[in-house]
Colleague: 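What follows is a structure written as C-alpha cells; I'll ask about it next.
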Amino acid sequence: MSTRRNRASRAPPGAPKASVRGTDCRTRAPPRAARGSAGGGPSRTFGVEQDTRQTRANGQDFLGAMAPAPPRFRGLSGAPRIPRLQFSGSHVTDGIAKDRLEKLHALRAAGQDPFPARVPRGRPVDQVLAELPTRMGETATVAGRLGQVRDFGKLRFAHLQDRTGTIQIGFQRERLAAFWPDRKLLEGNDLVSVTGELGTTQKGEPTLWATEVVLAGKALRHAPEKWHGLQDTEQRYRMRYVDLFANPEVRASFSKRSAIVREVRAYFDSLGYLEVETPILQPIFGGASARPFRTHHNALDMGLFLRIAPELYLKRLIVGGMERVYEIGRVFRNEGVSTRHNPEFTMLESYEAWADYRDVMARVEGLFAHLVAKILGGDGKVRFREREYDLMPPFQKARYLDLFAQQNPGVDWFDHASCLRRAKDLGLATDGIEPAKLANDVFEATVEDTLQGPVFVHDYPVAISPLAKRLVEDPRVTERFELFVAGMELGNAFSELNDPIDQQQRFEEQVAHKLANEHDDETPGEVDVDYVTALEFGMPPAGGLGIGIDRLCMLLTGSQSIRDVVLFPLLRRVDPAAAAGDGSTPAP
RNA sequence: GGGGGCGUAGCUCAGCCGGUAGAGCAGCGGCCUUUUAAGCCGUAGGUCGCAGGUUCGAUCCCUGCCGCCCUCACCA
C-alpha cells in the first residue's frame, strides 16, 4: 500500500457531485431487454467520463450520452487517505476488511454513493438464462451479489447470484473502458446491477458481457471461502444471513420449508377450514404439558404466559360454530434444546367438528398425500438419517397396547408391579414416578425406536391422555393416535373431550396435583374456568390434531437437526465485549 | 443438568515428543482476452476462545470459565 501515491486527476471541487443516469442518458440508451430501474433514481455508473464516447458497446455509444462529465475516480490511487471508521465499542469489527473500507472511502471521495437507494434491478437470472439462447446479442440487466471475481488479463469474470440463480458476468476492457480503471473498487461479495449483452464464452457458458456496472451495495466483509462455504455450525446459526448466501443448499431448504407451510395451508383451505390466529399471550396456559415462558403486561399489570399450545382457544372456536379451524403458529416451551427441540417452534393445530380421531387420521393421510404430490413430486420416498422412508399413505396402524405387549411380553401395562420390574430390568429411573408415567416410560424405552413408520400408534391409555375421549369398547384407553416417523413423534390427535363436568374434574385434579408437587411447574396453577364455561355452552364432537411443522420440515428436507429448518435458532448470547476480545467481560 | 468432542488468519484447515505459528481461498502489487475451485510471481495478514497454573519457555500439559456440536435426561 506504499506505492499508491501517484495523483490521479480527480474532479474539481465544483464539479457535479456525481454522474446521474438521468433522462438524457436514458433516452439514448438502447432498448433494454429488462425493465430499467425504478424511475430514474440517482444510481451512479462506474467511472463514466468523457472518453466513453469512443466506447463501442454493441455498436452503440450509449455511455457517451452522459453529460456533463461526472467526477472521475481512479481506484485507490486517487483517493485521499481517510481515517479508519470508528465503530462504537459494542460493534465487532473483527470481520471488517480494511481494504474494503478503503475502497468504500475511495468511492465516496470520488462522489460515488456506495449505497444508492436504487439501481436498475433488471430481471430474474433464471429468466434471463432461459431466454439467452434465443436472444443472443440483446441487452439485459440483472442485479445480485457478485461471487468470486476471476481476473484473466484484460478480462474479468464473476458470477452474479440472485434469488433465482447464477449467471456469469464477463467484463471486457473494450466494452467497459470507463469502468475498467476502477474495476478493483468492485469485488467479490459486492451487490451490483449489471447491464450487458447476452452471449456465451468460447466454451459455451451463458454470459452477460457487461456494458454498464452499477454498485448497489458495498460489502465490507469478505465472503466465506468459495469452495467450502461457511462450515462452522455456530457461525452458520449466528450469522444465518451469511449461511444463506454462501450455501445454496441452505437456501433451498428454507425455500422448501416455505413451500411445505404453503401446501399445508392449501390442503386445509381446500377442505373448508378457516385459518385463525389465537392469543400467544395467555393469562392461563394449557393444552399441553410443558413449562411455559412468563412475561408481564405493564399497562394492565398482569402476569402472562407465552402459549405452550393454541388448543384451548381453538376449541372455543369450535364451540362458537366455526366448525373447521386451523392455526399455524409459534408456541413456546421453556425446556431444553436438542436436535429435535427449539424453545420456540411452529405448530399446526386443526379442529374439526363432527369428526372423531378416525376422521382425523384420514385427514393426516390426505395431508401427506398432498405433500408428497406437491413437495416430493409424486414419489413419497425420502431419505432421513441414513434411511429411506415412504411417506405415501396409507400408513401402518398399530394399537399402543399391542406394541407394548410385543416388546414387553408378560408385562401388564396396567399392573404397576410388573411394569416396575420391567423398568428396573431396562435400567430406567423408577423413584417417585407415577405408575402411568412409568408404564409409558417402558413403552418409550422399548417401542419408540422401533417406530420407523410412518405408523399411527393409536388407542392410548386414559392415564396418559387427559384431553381425549374414552373408547366405548375399551374404557381403559382413549380415542387418540400419534404419528411416528423415524422414531420421531410428528403428530398427536384425538377425539376431543367435550364433557364440561369431566373437563372441570380433570383440571381440578391437575391443580391439586400441582399443589402437592411444588416442583411441578408444568401445570397451570388454576382451572381455566372460561374454557369450561365454553364447553358448558356445548361443543360438538370434534377431532383435533397437532403437527410439529419443524419436524415435518426436517423429514421432508432430510435435515438432521431442527436448527437446520429454523432460520434463527435460539443460541446462548455471546457477550459483545468478550466477542471483541477486549478481556473486559463483566462478572456474572 | 450429566457424559463425550471442538474453538488456530476474514473463510476452510494443518501444526509431531512443550522451543512464541503454516497452507489454500479471500486481500494487496504484478503477468495473462474466454476464465469458471483459473494459473504464475511477489506481498501482507494472528491476543492460537478467555483467565489462571506448571515450566527457563505453553497453541501444545493442568485447572476454571465462555461458546458451539453430539449424546442422555425433559419434551413435540
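By convention in this document, chain letters (A, B, ...) are assigned in the order of the sequence lines, proteins followed by strands, and residues within each chain are numbered from 1.
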Colleague: N/O contacts under 3.5 Å, protein versus nucleotides 68-74 of chain B?
Modeller:
| unit_1 | atom_1 | unit_2 | atom_2 | d |
| --- | --- | --- | --- | --- |
| B:C68 | OP1 | A:R572 | N | 2.6 |
| B:C68 | O4' | A:E234 | OE1 | 2.9 |
| B:C68 | O2' | A:T233 | OG1 | 3.4 |
| B:C69 | OP1 | A:R563 | NE | 3.3 |
| B:C69 | OP1 | A:R563 | NH1 | 3.3 |
| B:C70 | OP2 | A:R563 | NH1 | 3.0 |

Colleague: What is the distance, rounded to the nearest whole Å, between atom CG of A:N440 and atom P of B:A76?
Modeller: 10 Å

Colleague: Which glycosidic conformation, syn or anti, is assigned to B:C11 if syn requires a torsion within 90° of zero?
Modeller: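 Base orientation relative to the sugar is anti.
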
Colleague: Assign A:N334 to base, sugar-phosphate, or nothing according to its heavy-atom contacts below 4.0 angstrom with the strands shown.
Modeller: nothing

Colleague: Give me the distance, rounded to whole Å, that separates B:A73 from B:C56 when you measure between the P atoms they each carry.
Modeller: 48 Å

Colleague: Atom CD1 of A:I167 to atom C1' of B:U36: distance rounded to whole Å?
Modeller: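 It works out to 14 Å between those atoms.
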
Colleague: To the nearest Å, how far apart are A:L545 CG and B:A76 C1'?
Modeller: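 For the pair A:L545 CG and B:A76 C1', the rounded distance is 13 Å.
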
Colleague: Nearest whole Å is fine: how far is B:G67 C1' from A:M239 CE?
Modeller: 15 Å

Colleague: So, taking the atom named CG in A:L552 and the one named CZ in A:F368, what distance separates them when rounded to the nearest 0.5 Å?
Modeller: 5.0 Å

Colleague: If B:G24 has a Watson-Crick or G-U wobble mate with both distances under 3.5 Å, name it; if not, just say none.
Modeller: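 Matched B:G24 with B:C11 under the 3.5 Å cut-off.
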
Colleague: Starting at CZ of A:R183 and ending at P of B:C32, how long is that distance when rounded to a whole Å?
Modeller: 11 Å

Colleague: Does the ring center of A:F494 lie less than 6.0 Å from the ring center of A:Y460?
Modeller: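 When the ring centroids of A:F494 and A:Y460 are compared, they turn out to be at least 6.0 Å apart.
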
Colleague: Both conditions, 6.0 Å and 45 degrees, for the charged tip of A:R145 above the ring of A:F245: are they met here?
Modeller: yes

Colleague: Where the side chain of A:E205 is concerned, which of B:U36, B:G29, B:G10 is the nearest nucleotide?
Modeller: B:U36

Colleague: Tell me the interatomic distance from A:N189, atom CG, to B:C25, atom P, rounded to whole angstroms.
Modeller: 18 Å

Colleague: Testing the basics here: between A:R333 and A:A288, what is the closest heavy-atom pair and its distance to 0.1 Å?
Modeller: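 Distance-wise, the nearest heavy atoms are NH2-CB, 3.4 Å.
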
Colleague: Expressed as a whole number of Å, how far does the P atom of B:U55 sit from that of B:G15?
Modeller: 29 Å

Colleague: What's the closest nucleotide to the side chain of A:D151 if the choices are B:G29, B:G27, B:C32?
Modeller: B:C32

Colleague: Tell me which nucleotide, if any, is Watson-Crick or G-U wobble paired with B:G46 when both distances must be under 3.5 Å.
Modeller: none

Colleague: In whole angstrom, give me the gap between the P atoms of B:A76 and B:C68.
Modeller: 24 Å

Colleague: Taking OP1 and OP2 of B:C11, is either one under 4.0 Å from a side-chain nitrogen or oxygen of A:Q235?
Modeller: yes

Colleague: Between B:G5 and B:C61, how far apart are the P atoms? Round to whole Å, please.
Modeller: 12 Å

Colleague: Can you name the closest pair of heavy atoms from A:T557 and A:K256 and give their distance?
Modeller: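 What the structure gives for the nearest pair is CG2-CD, 3.7 Å.
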
Colleague: Check for me: is A:F152 stacked on B:U35 by the 5.5 Å centroid and 30° plane-angle rule?
Modeller: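 A stacking contact does not exist, since A:F152 is not both close and nearly parallel to the base ring of B:U35.
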
Colleague: Looking at A:R307 and A:E344, is there a salt bridge between them, counting it only when a charged N and a carboxylate O are closer than 4.0 Å?
Modeller: no

Colleague: When you check the phosphate oxygens OP1 and OP2 of B:C28, does a side-chain N or O of A:K184 lie under 4.0 Å from one of them?
Modeller: no

Colleague: Using the P atom as the point on both nucleotides, what is the distance between B:C28 and B:C69, in whole Å?
Modeller: 34 Å

Colleague: When you check the phosphate oxygens OP1 and OP2 of B:C11, does a side-chain N or O of A:K226 lie under 4.0 Å from one of them?
Modeller: no

Colleague: If we only count heavy atoms from C-beta on, is the A:Q112 to A:L215 side-chain gap below 4.5 Å?
Modeller: no

Colleague: Among B:C28, B:U12, B:U36, find the nucleotide with the atom closest to the side chain of A:K103.
Modeller: B:C28

Colleague: Between B:A23 and B:A44, how many Å separate the two C1' atoms, rounded to a whole number?
Modeller: 15 Å

Colleague: Which atoms of nucleotides 22-24 of chain B (N or O only) lie under 3.5 Å from a protein N or O atom, and what are those distances?
Modeller:
| unit_1 | atom_1 | unit_2 | atom_2 | d |
| --- | --- | --- | --- | --- |
| B:G24 | N2 | A:E225 | OE2 | 3.3 |

Colleague: When the distance from CD of A:E311 to P of B:A76 is rounded to whole Å, what number comes out?
Modeller: 12 Å

Colleague: Write down the partner of B:G39 under the Watson-Crick or G-U wobble criteria, each distance required to be under 3.5 Å.
Modeller: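 Its partner is B:C31.
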
Colleague: Just to confirm, is there a sub-4.0 Å distance from OP1 or OP2 of B:U35 to any side-chain nitrogen or oxygen of A:R156?
Modeller: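 False: A:R156 side-chain N/O out of range (4.0 Å or more) of B:U35 OP1/OP2.
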
Colleague: Hunt down the Watson-Crick or G-U wobble partner of B:G67, both distances under 3.5 Å, from any strand shown, or write none.
Modeller: B:C6

Colleague: For nucleotides B:G3 and B:U47, find the distance between their P atoms and express it as a whole number of Å.
Modeller: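 Taking atom P in both B:G3 and B:U47, they lie 33 Å apart.
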
Colleague: Does any N or O in the side chain of A:E225 come within less than 3.5 Å of the main-chain N or O of A:H228, such that one atom is a donor and the other an acceptor?
Modeller: yes

Colleague: Closest to the A:L230 side chain: B:U12, B:U34, B:U35?
Modeller: B:U12

Colleague: Among B:U35, B:G27, B:A37, which nucleotide has an atom closest to any side-chain atom of A:D99?
Modeller: B:G27

Colleague: If you measure from the P atom in B:C48 to the same atom in B:A21, how many Å do you get, rounded?
Modeller: 10 Å

Colleague: Whole-Å distance between B:G10 P and A:R100 CZ?
Modeller: 14 Å

Colleague: May I have the step-by-step check of side chain to side chain contact (heavy atoms under 4.5 Å, CB included) for A:L312 and A:Q282, ending in yes or no?
Modeller: CA-CA 11 Å; A:L312 299 182; A:Q282 303 182 346; over 6 Å; no

Colleague: Counting side-chain heavy atoms from C-beta on, which of B:U36, B:A76, B:G10 comes nearest to A:H222?
Modeller: B:G10

Colleague: A:E344 or A:G229: which one's nearest nucleotide on RNA chain B is closer to the 5' end?
Modeller: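 So the residue in question is A:G229.
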
Colleague: Tell me which nucleotide among B:C28, B:U36, B:U34 gets nearest to the side chain of A:Q168.
Modeller: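 Within the option list, the nearest is B:U36.
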
Colleague: Counting only heavy atoms not in A:E249, do more than 12 fall under 6.0 Å of its CD?
Modeller: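 Above 12, so yes.
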
Colleague: Where is the tightest heavy-atom contact between A:E197 and A:G137, given as atom of each residue plus distance?
Modeller: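 Result for this residue pair: CG-O, 3.4 Å.
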
Colleague: Tell which nucleotide pairs with B:U59, taking only Watson-Crick or G-U wobble pairs whose two distances are both under 3.5 angstrom.
Modeller: none

Colleague: How about A:R294: does its CZ atom have over 12 heavy atoms from other parts shown lying under 6.0 Å from it?
Modeller: no

Colleague: So does A:K315 pair up with A:E349, basic N to acidic O under 4.0 Å?
Modeller: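 Salt bridge flag = no for A:E349 with A:K315.
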
